[in-house]
Amino acid sequence: MKRIIMMVLRNLLLVPYGWIRLNYYASHVDKYSEEQRFQLLKYICTRANKGGSITIDAHGTEHIPEEGGFLFYPNHQGLYDVLAVVDACPRPFSVVAKKEIANVPFLKQVFACMKAIMIDREDIKQSMQVILQVIKEVKDGRAYLIFAEGTRSRKGNTLLDFKGGSFKAATKSRCPIIPVALIDSYKAFDTSSIKPLTVHVHFLDPIPYEEYKDMKTTEIAAEVKQRIEAVIQTYGPNSCP
């Protein structure tokens, strides 16, 4: 919360303009292209990060397909995760997010601009409908981000188990899977620190459908988790909570 306040105070002259514009885009999503909406989000994230003394250290952007649908699967550290990926990613994408954060101020407007899909993990029927919608849109060429852990780890850079069911959207749409390693993202909004912070975002080598088509979803989940953990471990104990 302290860092969010710092972001606002250091951008005090721009906040009213940015907030009004964000809300307008969120309320009129079909009036603007996905690229236009994404560029607005990147602008806001860039200004917020500067005000909050956050540097995004992005790696592997060359692994992101320039066209066609695919799925990002990052580890989930905190409320800042999506904003970190928005800042680092050169291409628009959307998100599957849990309904519990659907009304969090600012994130609500960000998700609206991304045409994010909110999932009710307690409602099996609704969850299946979400998966089917993601499959259809990925086949049509959109990109989505799914947190396979299902919830924030609350253990800093230590991962929870990745859920196999999260990968059904990939197997059914037969799209590339791009693991994303987030390092120290939790320090942005989920701690009280306001010290200068570097958040590392690694887009790892895509896993094409041909490579995982004969694997069970639980095996895919374990493989993606292992690849992300391997990158995080290279940063050593200083990146641990």
- request: Find out if a path of hydrophobic residues (ILVMFWY) with successive side-chain heavy-atom gaps under 4.5 Å connects Y144 to I119.
  value: yes
field: Exam field: side chain D123 to backbone Q126, donor-acceptor pair closer than 3.5 Å
entry: yes
field: Donor-acceptor under 3.5 Å (D190 side chain, G78 main chain)
entry: no
field: ring pair (Phe, Tyr, Trp, His ring centres under 6.0 Å) involving H202 - partner list, sequence neighbours excluded
entry: H59, Y235
task: Not counting sequence neighbours, list each pair that qualifies as a salt bridge (charged side-chain N to carboxylate O under 4.0 Å, His left out) and has a residue in residues 191-220.
output: E211-R227
- prompt: Going by distance alone, is a donor N or O of one side chain under 3.5 Å from an acceptor N or O of the other, for Q133 and Q129?
  reply: no
Sequence neighbours excluded - salt bridge (charged side-chain N to carboxylate O under 4.0 Å, His left out) pairs with any residue from residues 79-103: K99-D120, E100-R121
message: The criterion is side-chain hydrogen bond (donor to acceptor under 3.5 Å, both in side chains); which residues satisfy it with T218, sequence neighbours excluded?
response: none
query: Donor-acceptor pair, R3 side chain versus G52 backbone, under 3.5 Å?
result: yes
Pairs touching residues 31-59 that satisfy salt bridge (charged side-chain N to carboxylate O under 4.0 Å, His left out), sequence neighbours left out: E34-R142
Run the side-chain donor-acceptor check on residues 104-116: report pairs under 3.5 Å with partners two or more places apart or on a different chain.
from	atom 1	to	atom 2	distance (Å)
Q109	OE1	F106	N	2.9
Q109	NE2	N23	OD1	3.4
K115	NZ	D30	OD1	2.7

statement: For F72, the ring pair (Phe, Tyr, Trp, His ring centres under 6.0 Å) test, sequence neighbours excluded, returns F70, F93, F203
- request: Give the C-alpha distance, both sets of side-chain angles, the deciding distance and a yes or no for side chain to side chain contact (heavy atoms under 4.5 Å, CB included) between V224 and I177.
  value: CA-CA 9 Å; V224 171; I177 289 172; 4.1 Å; yes
message: Taking A170's backbone N and O only, do any of them form a donor-acceptor pair with Y212's side chain (distance below 3.5 Å, no angle check)?
response: yes
query: Are any side-chain N or O atoms of Y73 and backbone N or O atoms of S166, one a donor and one an acceptor, separated by less than 3.5 Å?
result: yes
field: Partners meeting salt bridge (charged side-chain N to carboxylate O under 4.0 Å, His left out) with K2 (sequence neighbours left out)
entry: none
- line: residues 156-172 vs salt bridge (charged side-chain N to carboxylate O under 4.0 Å, His left out), sequence neighbours excluded, gives D161-K225
- line: Under a side-chain separation threshold of 4.5 Å, the hydrophobic residues clustered together with M6 are I194
task: Would you please name every residue forming a ring pair (Phe, Tyr, Trp, His ring centres under 6.0 Å) with F162, sequence neighbours left out?
output: none
message: Restricting to ring pair (Phe, Tyr, Trp, His ring centres under 6.0 Å), what partner residues turn up for Y24, sequence neighbours left out?
response: H28
